[in-house]
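Here is the structure we will look at.
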Amino acid sequence: MQLEKVYDPQQFEPRWAEVWRSSDFFLATADTHDQRPVFSLVIPPPNVTGSLHMGHMLEHSEIDVTTRWFRMRGYNTLWLPGTDHAGIATQMVVERELAKQGISRHDLGREAFEAKVWEYKELHGGTILRQMARIGDSVDWSRTRFTLDDGLSHAVRTVFVNLYRKGLIYRGPYMVNWDPTLQTALSDLEVVHEKVEGKLWHVRYPVKGSAEYLVVATTRPETMLGDTAVAINPGDERYLHLHGRTVVLPLMDREIPIILDEMADPEFGTGCVKITPAHDPNDFEAAQRHNLPLIRVIDEHAKITSEGGPYSGLDRYDARERVLADLDAKGLLDRTEPHELSVGKSQRTGVIVEPMVSTQWFVRTKPLAEKVIEASQAGRTVITPDNWQKIFFDWMYNIRDWCISRQLWWGHRIPAWHCHDCHGITVAMEDPDKCEHCGSANIAQDSDVLDTWFSSALWPFSTLGWPEKTPALERFYPNTLLITGFDILFFWVARMMMMGLECMGDVPFRTVYIHGLVRDAERQKMSKTKGNTVDPLETIDKYGTDATRITLLLGAAPGTDIVLTDERLTSSRAFANKIWNAARFLFLNMERCGVEPWMPEEQACYAPHPDPVTGEVPLEDRWIFSRLNYYAGTVNKAIDSYRYHEAAQQVWAFFWGDFCDWYVELKKLRFEEGSGLNHHWKNILTVFESALRLLHPVMPFITEELWQRLRPEGSNRSASICLARYPEPDPSAEDATAEAEVGALQSIIGAVRNLRADLGQDPKKTIDAEIYARGIAFTAASGQLEALNKLASISAKVTEGNAPELRGAVRSTPSFDIVLLVSAAELEAQRNRVEKDQLQLLKAIANAERQLSSEEILSKMPPHVVETLRSKLDEYRAKHEKNQEALSALAR
RNA sequence: GGGCGCGUAGCUCAGUUGGUUAGAGCGCCUGCUUCACACGCAGGAGGUCACAGGUUCGAGUCCUGUCGCGCCCACCA
């Protein structure tokens, strides 16, 4: 039972953060709540593989608090395998590693590359939470990962085939961001936009059969080789007469139409815009609207294609120089202006991305989104905090079709086969050996893989055995709660809802809780590129896992961001140490009193033990049990409504403010050497054990450690604190009388200390004092006098009633007067103090009187407010009067 | 351009249907090594709740406007 003076987290806290750092799969937990299931997930987002993110610590903390809370309230736990979401990120890491050796994945070939990725995953994945092993749940760890080879593939394929047959999946043209170095398409997220100083070149396009020409402005003159139209605004009088005519594309001598389109902004440049459908996303869309042909003039290596005539084979920037020179030579370069523009660069290589037209697979999202909107509006899924609900709706209304094909080599292959003979597509559950259209055996599988979000979207049901109708699926779908960050709301949450409604006919979860963002001390969003990330492992090493967790939770007010500072972490570490030292105090005194480790039989709510001789319960015990009951109420309510900061703050206030500051101090007077396990010990250990359980979701490791030490050998209590019951409030445990009496004691002690500090007295020196109490029972048995004397360092004479004369150093309230007999010199310090108090009281009295004197106000005020206002006014008046008396006594 | 959020003590932040003299942690000042804890104990100072109007008996809280800060989305020929 010996504890070190200072709590050492390293010794007792498993560093589960390490697990997150190395794991490359979802970890998910599921639980049931009110007969309905709840689940929570943690995923490393694709851009942070290989490191841990503070945001995950937060997310995990909130999830783990809820999960432990549920578990402690008696709901069964189910651990679900994660999907292979981070496979894509792993692939990127492998690709980067290969690049260092000068190898590209194309050199390696598909199979060898996949093997490499597997190797990496085996090496870095798969560490399992140590704390979970301690909990003793039955977990089939072989099912902790869904990979490309097991059940998920079947689910993914089933969904793909079904959606395809319903016409919800189609192939179409799409503008991708192409990285010419990596030879791959990038998602919008992988493109970083940068403002650069560029130029705006104005080029003359001669109108056919006329001496006129249109001047178009462009930042990328080399793309003009692929122009297929020039657009003017339908309201632009300057050019309207040219509508229907054509221009001759300079350098290429191609004839292209002049079209009307809103995209041409009369205010910008010349008001004319060239249309290059194959190399600009906006132009691409305009081309769709006007049925314009696409001409690819830049290839995947960013070189000009054979369509580029004389420029064919040139690099895109060399081509630009040549094009400009040639235009200039022909006198077609109108003018050049400096222009700031933003260019998209590859996050991975820094190369300027090339917009490229390609054929991709799409999910038709409109019909799916409609179901999501309907379900959300019916309240079947609620997003909280509710401002996200609106944002979510806006997005669902404006949703575009979802491109699901990726030119990657890791992931679920698209189950579609192209026929080389008839060019038909065969989509089937079983791998086909011939084309379903022409019967040819000359077919090959599509080389693309599915977007990871496609399989992730199936997570809520695919992990439960879908499409089989398993008992788990029956029980755990739909789930109750999803905790996640807003950055993933659209990618993942929306898609889980779409797929859930489509495949299961119901929403996947009832509530989505959106948490805040973790920021650094300068309020900057943490990002790897900025390099201002806080490494959670360093934080954990320095402050401990529990301290890190409660720091995050204390800052996690819904809808706000979390600023992480060393000061906050330091104070949390101090709190962990406070818990540790409170335990140390108990253990040392148990030894002194001859008390063995003990804890009560398990119950949700406990009543204090009475003195076996008198049959009475000590006042401090009645009080602390009542306080514990109160906090059990507020903490449960806070967690239930996702107010994690409040839960953390409440357990802190109870443990430090009530338990340590008052209860332990009061109990010190009750310990007797060699007493054995008497009612005092039973009460303090009961409260302490309950406090540990109350704290557990927020401070899991230190509470587990201490709980295990307190747990007697051979106890029939659960093996772990996280399987013990969570404290619950019970109206019968409320003890208003005890709270009032201890409250009065606290205010008397506070007043004496304050008075003595004002007088500049040595706080340790015991001095004589007279206390006149009104309406406060000071019974001999309750030990209040002893407590008062000890905690205020006085030798008090307590009398019922009013002080006969307020002389000396006085502090008064409506319920007591304190008189300290001190020298006249010490009294002067008092005067300012009391006068200042009077000013504030007068203000409060005037305010209350004004409100209470008006019939109109009284009639509009709710009765309970009037009630408190009245009693407050009485109190202010009494106090003011007492102060006045004291002041005149001081004057004498 | 569209949308969202923030501005409360020196600092970082709470403050849930409007209702006591507006709170916490850190920092600061004073006193204390008291046999759990100086990562501590006791006491204290410090705020016209960004500004200006409005609604209300009553506003940190609701409405309008102004100023300052931040985020997201879109666009950028």
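So you know, we letter chains A, B, ... as the sequences are listed, proteins then strands, and number each from 1. Source: prediction; values computed, not measured.
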**Request:** Please state whether the base of C37(B) and the side chain of Lys5(A) form at least one donor-acceptor pair under 3.5 Å?
**Result:** no
**Message:** I'd like to know if the side chain of Asn581(A) reaches the main chain of Asn577(A), judged simply by a donor and an acceptor atom lying under 3.5 Å from each other, with no hydrogens or angles considered.
**Reply:** yes
**Prompt:** So what does Arg643(A) touch, heavy atoms closer than 4.0 Å: a base, only the sugar-phosphate, or nothing?
**Reply:** base
**Message:** Applying a 4.0 Å non-hydrogen cut-off, can you work out what Asp661(A) is touching in the nucleic acid: base, sugar-phosphate, or nothing?
**Reply:** sugar-phosphate
**Request:** Indicate, with a heavy-atom threshold strictly under 4.0 Å, whether Trp388(A) touches base, sugar-phosphate, or nothing.
**Result:** nothing
**Prompt:** Rounding to a whole Å, what distance do you find between Ile383(A):CD1 and C4(B):C1'?
**Reply:** 15 Å
**Message:** Tell me whether the side-chain N/O atoms of Lys578(A) come closer than 4.0 Å to OP1 or OP2 in C41(B).
**Reply:** yes
**Request:** Could you tell me whether the side chain of Val698(A) reaches within less than 4.5 Å of the side chain of Phe575(A), counting heavy atoms only?
**Result:** no
**Request:** Would you mind classifying the nucleic acid contact of Val216(A) as base, sugar-phosphate or nothing, using non-hydrogen atoms under 4.0 angstrom?
**Result:** nothing
**Asked** With both distances under 3.5 angstrom, what nucleotide forms a Watson-Crick or G-U wobble pair with G31(B)?
**Response** C41(B)
**Message:** Using only atom types and a distance under 3.5 Å, with no angle test, would you say the side chain of His279(A) pairs donor to acceptor with the backbone of Ile298(A)?
**Reply:** yes
**Asked** Heavy atoms under 4.0 Å, any strand shown: does Ala574(A) hit a base, just sugar-phosphate, or nothing?
**Response** base
**Item:** Euclidean distance for C1', G40(B) against C4(B) (whole angstrom)
**Value:** 44 Å
**Request:** May I ask you to verify if any side-chain N or O of Asn581(A) is less than 4.0 angstrom from the OP1 or OP2 atom of C39(B)?
**Result:** no
**Met396(A) CE - G3(B) P separation (whole Å)** = 21 Å
**Asked** With both distances under 3.5 angstrom, what nucleotide forms a Watson-Crick or G-U wobble pair with U17(B)?
**Response** none
**Pairing partner of C26(B) (Watson-Crick or G-U wobble, both distances under 3.5 Å)** = G10(B)
**Message:** Using atom C1' in both nucleotides, what's the gap between G43(B) and U48(B) to the nearest angstrom?
**Reply:** 27 Å
**Closest nucleotide among C76(B), A36(B), U21(B) to the Asn282(A) side chain** = C76(B)
**Item:** Pairwise C1' distance, U61(B) and A14(B) [rounded to whole Å]
**Value:** 14 Å
**Prompt:** For the side chain of Thr223(A) and the backbone of Thr276(A), is there at least one donor-acceptor N/O pair under 3.5 Å apart?
**Reply:** no
**Complete:** Ranking Glu646(A) and Glu567(A) by the position along RNA chain B of their nearest nucleotide, the one closer to 5' is Glu646(A)
**Asked** Considering only the P atoms, how many Å lie between C75(B) and U16(B), rounded to the nearest integer?
**Response** 39 Å
**Prompt:** How is Leu841(A) classified with respect to the nucleic acid when contacts are heavy atoms under 4.0 Å: base, sugar-phosphate, or nothing?
**Reply:** base
**Request:** Provide, to the nearest angstrom, the distance between the CH2 atom belonging to Trp656(A) and the C1' atom belonging to A24(B).
**Result:** 12 Å
**N/O donor-acceptor pair, side chain Glu665(A) with base A36(B), under 3.5 angstrom** = yes
**Request:** Provide the distance between the two P atoms, one in U56(B) and one in C63(B), to the nearest whole Å.
**Result:** 16 Å
**Prompt:** Is A59(B) paired to anything, Watson-Crick or G-U wobble with both distances less than 3.5 Å, and if yes, which nucleotide?
**Reply:** none
**Asked** Which value, in whole Å, describes the distance between the C1' atoms of nucleotides G53(B) and G27(B)?
**Response** 37 Å
**Asked** Ion pair present between Glu705(A) and Arg709(A), side-chain N to carboxylate O less than 4.0 angstrom?
**Response** yes
**Request:** Compute the ring centroids of Tyr644(A) and Tyr513(A), then answer whether they are less than 6.0 Å apart.
**Result:** yes
**Request:** Could you check Arg568(A) against Lys668(A) and say which one's nearest nucleotide on RNA chain B is further toward the 5' end?
**Result:** Arg568(A)
**Prompt:** Roughly, in whole Å, what's the span from CZ in Arg753(A) to C1' in A42(B)?
**Reply:** 6 Å
**Item:** Rounded distance (Å) that lies between atom C1' of C13(B) and atom CG of Leu554(A)
**Value:** 10 Å
**Message:** A cation-pi test, strictly: NZ or CZ of Lys578(A) under 6.0 Å from the centre of the six-membered ring of Phe659(A) and no more than 45 degrees from its axis. Yes or no?
**Reply:** no
**Complementary nucleotide for U48(B) - Watson-Crick or wobble, under 3.5 Å** = none
**Request:** Rounded to whole angstrom, note down the C1' distance from G5(B) over to G44(B).
**Result:** 37 Å
**Message:** Rounded to whole Å, please give me the gap between CZ in Arg811(A) and P in G44(B).
**Reply:** 9 Å
**Prompt:** Which nucleotide, A36(B), G15(B), C26(B), lies nearest any side-chain atom of His645(A)?
**Reply:** G15(B)
**Prompt:** In whole Å, what is the span from the CD atom of Gln649(A) to the C1' atom of C26(B)?
**Reply:** 15 Å
**Prompt:** Is there a side-chain polar atom (N or O) of Trp395(A) under 4.0 Å from OP1 or OP2 of G2(B)?
**Reply:** no
**Request:** Measure from OH on Tyr7(A) to C1' on C39(B) and round the result to the nearest Å.
**Result:** 13 Å
**Prompt:** Does a donor on one side chain sit under 3.5 Å from an acceptor on the other, for Tyr239(A) and Asn233(A)?
**Reply:** no
**Prompt:** Where the side chain of Lys872(A) is defined as all heavy atoms beyond and including C-beta, which of U20(B), U12(B), C39(B) is the nearest nucleotide?
**Reply:** U20(B)
**Asked** Within the structure shown, what part of the strands sits under 4.0 Å from Glu875(A) by heavy-atom distance: base, sugar-phosphate, or nothing?
**Response** nothing
**Prompt:** What interatomic distance, in whole Å, is found between P of G23(B) and the corresponding atom of G46(B)?
**Reply:** 14 Å
